Amino acid sequence: QVQLVESGGGLVQAGGSLRLSCTALGRTLSSYTMAWFRQAPGKEREFVAAISWRGGNTYYADSVKGRFTISRDNAKNTVYLQMTSLKPGDTAVFYCAADSWANPRDREYDYDYWGQGTQVTVSS
């Protein structure tokens, strides 16, 4: 069992930046592809970004390319999402997820473990 804990969410003005963190408790993340998803109010959860086991492959949703960067530090058992040039449309609960597949995937049902989420609110 992998327990994921997200942190770093908060309120930021449009154009600002935030860095989200996701730490695993009880098990190493180094053998999992990791991803971030988000769910805005009244919308379905959607893929944001994913990173392979060792960080060599990354994959982004078109809506965040060039603004968000996913990275990982396996020694710290943590995955990050650096978000810049934030827009009000980025307001959502952000979730990290773990997948035992080697390469990044963007389908929610491929991911085995999920965190509880962290709220990101971008004001205009």
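As a basis for the values below, the full set of heavy atoms in this structure was taken, side chains included, without hydrogen atoms, waters or symmetry mates. From a predicted model like this one, the values you see are computed outputs, not experimental measurements.
Across all non-hydrogen atoms, the minimal contact from T78 to S21 is CG2-CB, 4.1 Å. When all heavy atoms are compared, the tightest approach of Q119 to A92 is NE2-O, 3.4 Å. Closest non-hydrogen pair, Y95 versus G115, comes out as CD2-O, 3.6 Å. Across all their heavy atoms, V2 and L29 have their closest contact at CG1-CD2, 4.2 Å. Residue V12 comes nearest to G16 through the heavy atom pair CG2-CA, 3.8 Å, listed as atom of the first residue, atom of the second, then distance.
Side-chain atoms of S100 never come within 3.5 Å of backbone atoms of Y32 as a donor-acceptor pair (strictly under, hydrogens ignored). In terms of modelled atom types and a separation under 3.5 Å, the side chain of T33 and the main chain of S52 share no donor-acceptor contact. Side chain of W53 to backbone of S31: a donor-acceptor contact under 3.5 angstrom is found. Between the S63 side chain and the A61 main chain, no donor and acceptor come within less than 3.5 Å of each other.
Within the model, atoms CD of E6 and OG1 of T118 stand 7.0 Å from one another, a figure rounded to the nearest 0.5 Å. With values rounded to the nearest 0.5 angstrom, L20 atom CG is found 8.0 Å from F68 atom CZ. Interatomic distance, CZ of F94 versus CG of L18, reported as 9.0 Å (0.5 Å rounding). Remark: W36 CH2 to C22 SG distance equals 5.0 Å, nearest 0.5 Å. Atom CZ of residue R72 and atom CD1 of residue I51 lie 6.0 Å apart, to the nearest 0.5 angstrom. Interatomic distance, SG of C96 versus CD of Q116, reported as 10.0 Å (0.5 Å rounding).
Between W114 and Q3, the closest side-chain pair of non-hydrogen atoms is not below 4.5 Å. Considering only heavy atoms from C-beta on, L4 comes within 4.5 Å of M34 through its side chain. Within the 4.5 Å cutoff, no side-chain heavy atoms of V122 are placed close to those of Q13. In this structure the side chain of Q82 reaches within 4.5 angstrom of the side chain of S17, judged on heavy atoms.
Ring geometry for F47 against F37 counts as perpendicular: the plane angle is over 60°, on a 0 to 90° scale with 30° as the lower cut.
The hydrophobic cluster containing Y113 also contains I70, counting ILVMFWY residues as joined when their side-chain heavy atoms lie under 4.5 angstrom apart, directly or transitively.
Every pair passing side-chain hydrogen bond (donor to acceptor under 3.5 Å, both in side chains) that includes a residue from residues 84-94 is listed here, sequence neighbours excluded: R38-D90, R67-D90.
Geometrically, R105 does not engage Y111 in a cation-pi contact defined by less than 6.0 Å to the ring centre and at most 45° from the axis.
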Determine, stepwise, if the pair N74 / T28 fulfils side chain to side chain contact (heavy atoms under 4.5 Å, CB included). CA-CA 8 Å; N74 286 341; T28 180; 5.9 Å; no
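A donor and an acceptor atom, one from each side chain of D106 and Y59, are located under 3.5 Å apart.
Applying the salt bridge (charged side-chain N to carboxylate O under 4.0 Å, His left out) criterion to D112, with sequence neighbours excluded, gives no partner residue.
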